[in-house]
Amino acid sequence: MQSSYEVIILGLGGIGSGAAYWLGRQYGRDVLGLEQYEIGHVRGGSQDHSRIIRLSYHTPAYVALAKQAYQAWATLEVDAGESLIVKTGGLDFFPANAAIPSSDYTQSMAACGVPFEWLTAAEVRYRWPQFHLTDDVQAIYQAESGIAPAARCNAVHVRMARAYGVTLRENEVVTAVHDSGHEITVITNRGRYHCRYLLITGGAWSNEALAHFGLHLPLTVTQEQVTYFATPDPATFAPEQFPVWIWMDDPCYYGFPVYGEAGIKVAQDVGGAEVTAVTRSFTPNPDNAQRVADFTQRLLPGGYGPPILSKTCLYTLTPDRDFVIDTLPDHPHVAVAIGAGHAFKFASLIGKLLGELVVDGVASADLSSYKIDRPILRQTNPLKQFLV
Ligand SMILES: Cc1cc2nc3c(=O)[nH]c(=O)nc-3n(C[C@H](O)[C@H](O)[C@H](O)COP(=O)(O)OP(=O)(O)OC[C@H]3O[C@@H](n4cnc5c(N)ncnc54)[C@H](O)[C@@H]3O)c2cc1C
């Protein structure tokens with residue numbers, strides 16, 4: 001069995017499977033991906049039918065990155081011969097005195113040349129009568145927003161990585177890593193491998209992986225949940241009729257058209273308790289479910305029906321909610337990505353950039369906002385600002 005590789009990827013969730021695909025295109029059989037559970041498992045942050053993809057973001061850096069994210073998915077789609085991203089358009093709602101400033105979004109999109117519409121409640125109700133809005137609500141509409149079908153995207157990354165010759169090993173947990181400076185040794189429950197470059201894409205397990213390098217980041221892992229409601233008239237809420245949406249207030253809710261299940265999906269952003277990857281449960285929290293049900297009934301009375309199911313999932317949050325995409329201090333051949341609870345739309349791109357960063361030493365995107373040694377990540381107990 002081959003034991004030496006150019007690159008090893010620790011963790012094959014959304015970002016790791018993206019890295020496996022992009023590195024596979026370049027290095028083929030010289031890439032190994034290691035996943036501690038079965039590929040496609042539901043214990044991490046990247047499963048379920050859908051994630052929102054959007055250009056509408058709160059900083060120009062994210063808007064610019066999102067533009068590149070669409071390009072990365074488009075390349076994958078062509079390469080795989082499979083269409084993935086479903087364009088629905090997207091609405092960001094801002095009630096009066098919203099906790100999240102709308103100007104962050106409008107200014108960032110304007111700075112990046114992204115077109116958007118600023119709509120009154122009446123204009124939204126006219127175009128999408130499914131939404132029941134009071135007159136104090138205003139909205140940004142951006143036409144490129146839509147659905148990244150998460151589980152399918154991961155499966156396509158995996159299929160294509162394997163087609164390029166990448167070895168992906170499941171049920172194999174990385175238990176130790178040593179970096180000698182010229183070679184990295186990766187030890188698992190099943191074997192020992194050597195590589196020149198290592199990518200850490202460990203999601204909620206990131207700090208365990210970083211501990212092999214004496215590093216610890218002030219990450220917060222939360223147990224999130226999404227709920228599907230049995231929509232009485234699903235055609236009215238089909239992706240061709242109904243956009244993805246985000247309620248930009250505290251609490252912040254977001255939702256999807258009917259996609260993957262027989263009803264709309266709604267969730268609260270950062271609505272769950274702090275957990276660890278070990279202490280988390282798979283039991284939906286009833287208070288969270290009730291909050292989401294009440295909100296859905298108010299905003300989308302025609303889409304609301306008995307809950308079909310709720311699914312739990314983990315966010316791995318940095319205190320400023322910004323990503324980490326960087327090489328490790330003193331270990332230039334090791335790179336890490338942390339998705340901060342909003343990275344699925346970027347999963348393919350981040351996988352690509354991580355590979356570029358660690359192998360070429362420079363990535364084809366501005367990653368200066370996502371440094372691992374930024375001041376807030378060096379604090380033991382930093383102020384947490386998850387609402388963006
Ligand atoms: C409910 C919910 C809704 C979301 N909505 C959106 C959205 O609408 N839009 C959006 O863009 N993003 C969204 N996100 C965020 C996005 O899904 C995540 O940021 C992203 O999927 C995280 O991917 P990841 O690869 O970092 O982590 P994961 O997918 O969790 O992958 C990490 C993998 O590493 C493996 N691993 C860890 N340690 C080891 C080890 N030692 N050895 C081997 N394997 C290991 C794990 O088993 C796991 O498979 C949402 C997340 C959740 C939970």
Side-chain angles (χ1 to χ4, degrees), residues 8-20 32-54 57 62 65-66 69 73 90 145-151 153-154 157-158 168-177 186-190 199-212 219 221-227 244-246 254-256 265-272 277 280 284 288 292 310-318 321 323-325 336-351 354:
I8 293 181
I9 303 160
L10 181 161
L12 296 173
I15 297 174
S17 64
L32 171 68
L34 296 167
E35 169 52 53
Q36 62 183 342
Y37 298 115
E38 72 281 11
I39 288 171
H41 71 86
V42 296
R43 299 174 183 86
S46 299
Q47 279 303 309
D48 201 16
H49 305 294
S50 53
R51 293 286 190 268
I52 292 179
I53 180 166
R54 57 190 159 102
Y57 249 99
Y62 278 114
L65 205 65
W73 291 119
S145 299
I147 297 169
C153 292
N154 300 335
H157 273 146
V158 165
L168 301 178
R169 295 176 63 87
E170 44 192 349
N171 298 310
E172 184 149 354
V173 53
V174 174
T175 53
V177 183
V186 176
I187 298 164
T188 73
N189 57 328
R190 292 185 172 186
L199 304 188
I200 298 176
T201 49
W205 295 262
S206 295
N207 266 330
E208 283 78 353
L210 291 170
H212 300 308
L219 303 176
V221 176
T222 60
Q223 180 169 320
E224 301 293 313
Q225 68 193 46
V226 300
T227 303
V244 296
W245 57 270
I246 304 177
Y254 60 93
F256 297 78
K265 175 166 99 171
V266 183
Q268 183 186 346
D269 179 49
V270 202
R280 66 83 54 88
N288 185 329
V292 168
S310 295
K311 294 182 184 177
T312 60
C313 178
L314 299 179
Y315 271 3
T316 304
L317 300 164
T318 51
R321 199 103 194 243
F323 301 149
V324 175
I325 310 174
V336 62
I338 292 168
H342 61 114
F344 196 87
K345 63 184 76 60
F346 301 98
S348 198
L349 176 69
I350 295 176
L354 265 189

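Atoms within each ligand, like the ligands themselves, are counted from 1 in listed order. Small disclaimer: the values here were computed from a predicted structure and weren't measured.
Contact annotation for F346 and ligand 1: no heavy atom of the residue comes within less than 4.0 Å of the ligand. At a heavy-atom distance under 4.0 Å, atoms from both the backbone and the side chain of I15 approach ligand 1. Residue F344 touches ligand 1 through backbone and side chain together, judged by heavy-atom distances below 4.0 Å. When non-hydrogen atoms are compared, ligand 1 lies under 4.0 Å from neither the backbone nor the side chain of R43. Contact annotation: for L10 versus ligand 1, heavy atoms closer than 4.0 Å belong to the side chain alone. Of the heavy atoms in I53, none comes closer than 4.0 Å to ligand 1. Using a 4.0 Å cut-off between heavy atoms, V174 contacts ligand 1 through both its backbone and its side chain.
Not counting sequence neighbours, K345 has no partner by the salt bridge (charged side-chain N to carboxylate O under 4.0 Å, His left out) test.
Here the heavy atom of the protein found nearest to atom 47 (O) of ligand 1 is E35 OE2, 2.7 Å. The protein heavy-atom contact nearest to atom 10 (C) of ligand 1 is K345 NZ, 3.3 Å. In this structure, atom 52 (C) of ligand 1 lies nearest to the protein heavy atom C313 SG, 3.2 Å. Looking only at heavy atoms of the protein, atom 32 (C) of ligand 1 is closest to T201 O, 3.3 Å. Here the heavy atom of the protein found nearest to atom 51 (C) of ligand 1 is Y315 CE1, 3.3 Å. With respect to atom 46 (C) of ligand 1, the closest heavy atom belonging to the protein is Q36 NE2, 3.4 Å.
Without hydrogens or angle criteria, Q223 side chain to C313 main chain gives no donor-acceptor distance under 3.5 Å. Counting only distance, with no hydrogens or angles, the side chain of R321 and the backbone of H342 share no donor-acceptor pair below 3.5 Å. No donor-acceptor distance shorter than 3.5 angstrom exists from the side chain of S310 to the backbone of T227, with no hydrogens or angles considered. Of the possible polar contacts, none joining the S348 side chain to the W73 backbone as a donor-acceptor pair under 3.5 Å is found. No donor-acceptor pair closer than 3.5 Å links the side chain of K311 to the backbone N or O of V42. When atom types are taken as modelled, the side chain of Q225 and the backbone of A267 share no donor-acceptor pair closer than 3.5 angstrom.
Scanning G14, S50, S46, A209 for the heavy atom closest to atom 22 (C) of ligand 1 points to S46. Nearest to atom 3 (C) of ligand 1 by heavy atom, out of W205, Y254, F256, F323, is Y254. Ranked by closest heavy atom to atom 19 (O) of ligand 1, the top entry among A343, G33, G351 is A343. Compare R51, R169, H41 by their heavy atoms: the one nearest to atom 6 (C) of ligand 1 is in R51.
Using a 30° and 60° split on the angle between ring planes, Y62 and Y57 fall in the parallel class, below 30°.
Taking every heavy atom of E172 and a limit of under 4.0 angstrom, the matching atoms of ligand 1 come to 43 (C). Ligand 1 places these atoms under 4.0 Å from at least one heavy atom of G203: 26 (O), 27 (O), 32 (C). Listed by number with element, the atoms of ligand 1 under 4.0 Å from a non-hydrogen atom of L314 are 53 (C). Each of the following atoms of ligand 1 lies closer than 4.0 Å to a heavy atom of L34: 43 (C), 44 (N). The distance from ligand 1 to the heavy atoms of G44 drops below 4.0 Å at these ligand atoms: 30 (O). Near V226, with a cut-off below 4.0 Å to any heavy atom, the atoms of ligand 1 are 1 (C). The ligand atoms of ligand 1 that sit less than 4.0 angstrom from a heavy atom of G11 are 33 (C), 34 (O), 35 (C), 36 (N), 44 (N), 45 (C). If you number the atoms of ligand 1 from 1 as listed, the ones under 4.0 Å from a heavy atom of I52 come out as 7 (C), 8 (O), 9 (N), 10 (C), 11 (O).
The residue from R169, Q36, E172 that alone fulfils the side chain to side chain donor-acceptor pair (under 3.5 Å) condition with T188 is E172. Just one residue in the list L210, L317, I338 forms a side chain to side chain contact (heavy atoms under 4.5 Å, CB included) with L219, and that residue is I338.
The shortest heavy-atom contact between G272 and N288 is N-ND2, 4.1 Å.
Rounded to the nearest 0.5 Å, atoms CG (N154) and CZ (F344) are 4.0 Å apart. Remark: I9 CD1 to L354 CG distance equals 9.0 Å, nearest 0.5 Å.
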Solution key, residues 10-18 side-chain donor-acceptor pairs under 3.5 Å, sequence neighbours excluded:
{"from": "S17", "atom 1": "OG", "to": "G13", "atom 2": "O", "distance (Å)": "2.8"}
{"from": "S17", "atom 1": "OG", "to": "G14", "atom 2": "O", "distance (Å)": "3.2"}

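Assignment of K311 to the shell around ligand 1 is not supported, since no heavy atom sits closer than 4.0 Å. Contact analysis puts G341 in contact with ligand 1, with a non-hydrogen atom separation below 4.0 angstrom.
Two residues are said to be in side-chain contact when any heavy atoms from C-beta on lie closer than 4.5 Å; W245 and V266 meet this criterion.
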